[in-house]
Number of protein chains: 2
Amino acid sequence: MRIPTILRVRWPLRQPRPPRPAGRRRPTGGGPLSSQRPTLADVAAAAGVSVSTASLAFSGAGPIAAATRQRVLDAATALDYAGPNPLGRQLRRGRSGIVGVVVGDALRRSFRDPVSVQVLDGLVGTLGALDLGVLLIPNSCDAGAPAVDPLLESAAMDVAVLLWGGTTDAEVLGALRRRGVPTVLVEGSRTADVPVVGIDDRGGMARLARHLTDLGHRRISVVTLPFSRERHEGLVDEADRHEPAWVITGRRLAGVLDAGVVPHSVWETPASLVEHGAVAGRALLTAPEPPTAILCQSDLLASGVVLAARELGLRVPQDVSVAGFDGLDLPWLAPDVLTSVVQPLAEKGAAAGHAVEALLAGEQPANVELPVTLRIGTTTGPAPA
Amino acid sequence: MRIPTILRVRWPLRQPRPPRPAGRRRPTGGGPLSSQRPTLADVAAAAGVSVSTASLAFSGAGPIAAATRQRVLDAATALDYAGPNPLGRQLRRGRSGIVGVVVGDALRRSFRDPVSVQVLDGLVGTLGALDLGVLLIPNSCDAGAPAVDPLLESAAMDVAVLLWGGTTDAEVLGALRRRGVPTVLVEGSRTADVPVVGIDDRGGMARLARHLTDLGHRRISVVTLPFSRERHEGLVDEADRHEPAWVITGRRLAGVLDAGVVPHSVWETPASLVEHGAVAGRALLTAPEPPTAILCQSDLLASGVVLAARELGLRVPQDVSVAGFDGLDLPWLAPDVLTSVVQPLAEKGAAAGHAVEALLAGEQPANVELPVTLRIGTTTGPAPA
DNA sequence: GTGAAAGCGCTAACAG
DNA sequence: CTGTTAGCGCTTTCAC
């Protein structure tokens with residue numbers, strides 16, 4: 001008999017049952033009389049089969065007569081059994097089906113950046129097809145952040161993906177290794193002994209820089225992503241330009257140098273956000289000897305610079321050229337299209353997903369470096385005479 | 001003796017051990033000789049205490065002598081034991097420590113919207129403090145979407161939070177109820193018998209509409225969020241304006257009517273994105289008899305309308321007033337500030353988090369309706385003569 | 001094709 | 001304060 005929903009506990013939390021009356025389970029026959037949810041054993045009993053057979057009926061992983069299977073499924077419906085308890089399954093299988101995704105910054109900041117979002121989207125899509133769930137693990141990269149997140153230490157996960165690693169890799173990777181959780185790094189240091197998925201930052205930036213020198217620019221300033229957890233905002237002294245703690249920042253800066261460009265000035269931002277780009281733009285363009293071109297390490301920063309330029313009454317690209325990195329669609333810049341290095345964001349997430357798959361299969365995935373392409377938009381032009 | 005890392009399997013996946021040689025565990029003493037990770041029993045044995053004592057040493061949930069505790073911890077370090085296996089703990093406790101967050105749309109689309117991101121941020125912050133992790137469950141709201149996500153059916157979670165429910169609530173809520181997973185709805189229909197966290201959409205929109213009529217506007221058009229999973233883009237016939245499947249759309253539309261405003265025209269967008277707002281703006285402002293004010297159901301849509309107006313050479317607010325809803329910071333509109341209804345996004349997430357907490361404590365949380373405030377910016381002004 | 005048995009790794013009574 | 005005991009709910013050999 002089906003017990004009317006209204007009579008059952010509204011939201012029965014799955015809690016350990018109180019010790020059973022007398023060693024044995026409740027007498028067979030008769031549905032769940034307590035507010036407890038039924039188990040596979042209950043269903044098996046109701047269907048008159050063994051637990052192992054009932055298990056097969058749900059997993060389909062083994063030979064079972066269609067009729068038996070149906071009998072089990074019917075019993076399940078009658079008992080309001082919604083399928084095997086994932087906790088039992090997970091313990092038995094030794095796998096949680098969970099991939100921990102460490103987002104390298106406060107969510108609020110990370111997800112304001114379409115770059116992270118698109119990568120995450122590609123990742124979730126790939127993992128979803130493998131029946132893997134994504135557990136969000138925030139990991140503040142700010143200075144004075146409170147060590148690693150507790151989730152990292154104790155949440156169930158089969159694999160971890162570290163997004164935008166760079167400055168805090170050491171602690172996070174250490175915790176994961178200690179736990180024996182295989183890890184994929186997205187855009188981290190390639191020297192770590194974990195598989196890394198990344199793009200050709202350096203080559204892309206070099207091509208972009210060359211594009212500007214080809215246009216005759218000689219006074220080129222660079223607006224960078226954060227150098228370190230300190231997240232300074234402002235000009236970077238020549239002495240401090242080497243070896244930013246954040247890997248991407250370093251690689252994209254190196255690309256500029258590869259093209260033979262010695263930056264007119266370098267401006268560090270605390271985060272890849274439009275407003276920080278605007279601040280940078282205002283500062284650089286109102287300096288005594290302003291640059292004729294500004295090379296930004298992200299599109300969001302670049303669009304801030306473009307807005308600042310417009311605000312100052314400067315024409316882009318006639319008075320100043322601006323270029324970014326990422327290849328985002330920036331509707332609010334319309335009708336302008338930002339000159340940028342386009343990186344395949346969703347593919348990056350998908351590649352990370354495939355690395356996860358390989359790790360789960362016990363393989364050691366190779367590092368991946370995805371290619372980037374140069375997109376010449378309307379925001380760069382010949383250097384003003 | 002500590003076994004050098006290099007000699008151990010690089011990334012030992014936690015897999016069910018092969019059946020032990022002879023009923024008993026491997027002989028006590030001597031570290032883990034196989035590539036298997038040590039268990040609490042191993043640590044207990046090494047420390048010369050019982051498993052339960054060892055458990056206490058880690059959980060701290062019970063009386064234990066400091067010396068014993070230290071001995072256990074030392075043994076753990078020696079064995080490279082990183083703490084209790086979450087899978088075992090979860091099964092035993094009957095709790096996973098996981099909150100499933102169903103994002104009511106493709107991630108890519110959802111997270112391009114700062115609104116979702118800020119709510120999620122508030123939620124994650126609150127749940128993190130409770131030692132709960134967030135499992136992302138994508139739930140495409142598009143027409144012809146592939147039923148409910150498998151994760152919803154079978155992932156381990158103690159509670160679920162449904163973000164932006166509205167059109168697909170029925171299936172999702174049904175699946176969750178069947179599984180006995182308590183659920184919190186953010187911005188869903190208040191008729192569901194689950195706790196709902198929301199804002200005063202309707203009242204806020206009414207105030208905004210009144211602000212416009214006070215300024216003398218009589219031809220007011222409305223740009224709306226999607227009406228249904230079909231996600232049309234274009235004008236909505238008068239006959240079709242009632243009862244959108246999406247609850248928020250309906251409530252915000254009702255607010256306009258509450259203020260006594262009969263929309264000059266209503267334009268439906270497929271998603272809350274700048275580009276859709278721009279499309280709407282172009283269409284409405286180039287129509288034969290354009291509105292003097294455009295009321296948008298989100299700030300992203302409103303900013304698209306502002307951009308379209310500027311593009312058409314119209315001055316905002318002299319030629320046309322534009323208002324939004326959400327109260328976002330939109331740096332690219334600077335120096336303009338959008339007139340908008342400000343909703344407390346992070347608080348909304350936090351409120352959802354508290355509802356989760358209550359549910360886990362076995363309580364039935366009350367519905368929450370957070371207040372909104374009107375922000376008069378620079379994008380609305382007197383109706384043109 | 002089906003059933004019996006053996007745990008996965010852990011925690012929480014309860015007894016000492 | 002510590003040890004004993006009894007499972008949480010499930011999957012997976014292995015016999016039959």
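Below, all heavy atoms of this structure are taken into account, side chains as well, without hydrogens, waters or symmetry copies. Within every chain, numbering begins at 1; the chains are lettered A, B, ... in the order of the sequence lines, protein sequences first and strands thereafter. Owing to the predicted nature of the structure, the values given are computational and were not obtained by experimental measurement.
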- request: Output yes when at least one side-chain N/O atom of B:Thr68 is less than 4.0 Å from OP1 or OP2 of D:dC1, else no.
  value: no
message: Over all strands shown, is B:Ser59 touching base, sugar-phosphate only, or nothing at heavy-atom distances under 4.0 angstrom?
response: nothing
- prompt: When you measure from the side chain of A:Asn85, which nucleotide among C:dG1, D:dC10, D:dT4 comes out closest?
  reply: D:dC10
message: With a 4.0 Å cutoff (strictly under), does any side-chain N or O of B:Ser52 reach OP1 or OP2 of C:dT11?
response: no
field: Minimal non-hydrogen separation, B:Gln90 against B:Ser96, with atom names
entry: NE2-O, 3.3 Å
- request: Consider the side chain of B:Ala65, meaning its heavy atoms from C-beta on, and name the nucleotide among D:dT12, C:dG9, D:dC1 that approaches it most closely.
  value: D:dC1
- prompt: For B:Arg93 and C:dA13, what is the distance between atoms CZ and C1' respectively, to the nearest whole Å?
  reply: 15 Å
- prompt: Could you give the CZ-to-P distance, from A:Phe58 to D:dT12, as a whole number of Å?
  reply: 15 Å
message: Base, sugar-phosphate or nothing for A:Tyr81? Non-hydrogen atoms, less than 4.0 Å.
response: sugar-phosphate
- prompt: So does A:Arg71 have more than 12 non-hydrogen atoms from other groups sitting under 6.0 Å from CZ?
  reply: yes
query: Separation of A:Arg95 atom CZ from D:dG9 atom P, in whole Å?
result: 24 Å
- request: Measure the shortest side-chain to side-chain distance between B:Glu171 and B:Leu152 over non-hydrogen atoms and say whether it is less than 4.5 angstrom.
  value: no
query: NA contact type, A:Ile64, heavy-atom cut-off 4.0 Å: base, sugar-phosphate, or nothing?
result: sugar-phosphate
task: Provide, to the nearest angstrom, the distance between the CD atom belonging to B:Gln90 and the P atom belonging to C:dG9.
output: 14 Å
- request: Please tell me which of the listed nucleotides, C:dG3, D:dG3, D:dG9, lies nearest to the side chain of B:Ser50?
  value: D:dG3
5' priority, DNA chain D, between B:Val51 and A:Leu56 [closest heavy atom]: B:Val51
- request: Find the distance A:Leu40:CG to C:dG7:P and express it as a whole number of Å.
  value: 20 Å
query: CZ of A:Arg92 versus P of C:dC10: gap in Å, rounded?
result: 16 Å
field: Contact under 4.0 Å: A:Thr53 side-chain N or O vs C:dG3 OP1/OP2
entry: yes
message: Under the criterion side chain to side chain contact (heavy atoms under 4.5 Å, CB included), I'd like the reasoning laid out for A:Ile137 against A:Met157: C-alpha separation, chi angles, the key distance, then a yes or no.
response: CA-CA 11 Å; A:Ile137 305 178; A:Met157 59 184 112; 3.6 Å; yes
- prompt: Quick one: which of C:dG1, C:dA12, D:dG3 gets closest to the side chain of B:Val49?
  reply: D:dG3
task: Please state how far atom CD in A:Gln70 lies from atom P in C:dG1, giving the value in whole angstrom units.
output: 16 Å
- prompt: Heavy-atom distance under 4.5 Å between the side chains of B:Asn85 and B:Thr39, does that happen here?
  reply: no
- request: Report yes if at least one side-chain N or O of B:Arg89 is closer than 4.0 Å to OP1 or OP2 of C:dG9; otherwise report no.
  value: no
message: Between B:Pro63 and B:Leu91, which residue's closest nucleotide on DNA chain D lies nearer the 5′ terminus?
response: B:Pro63
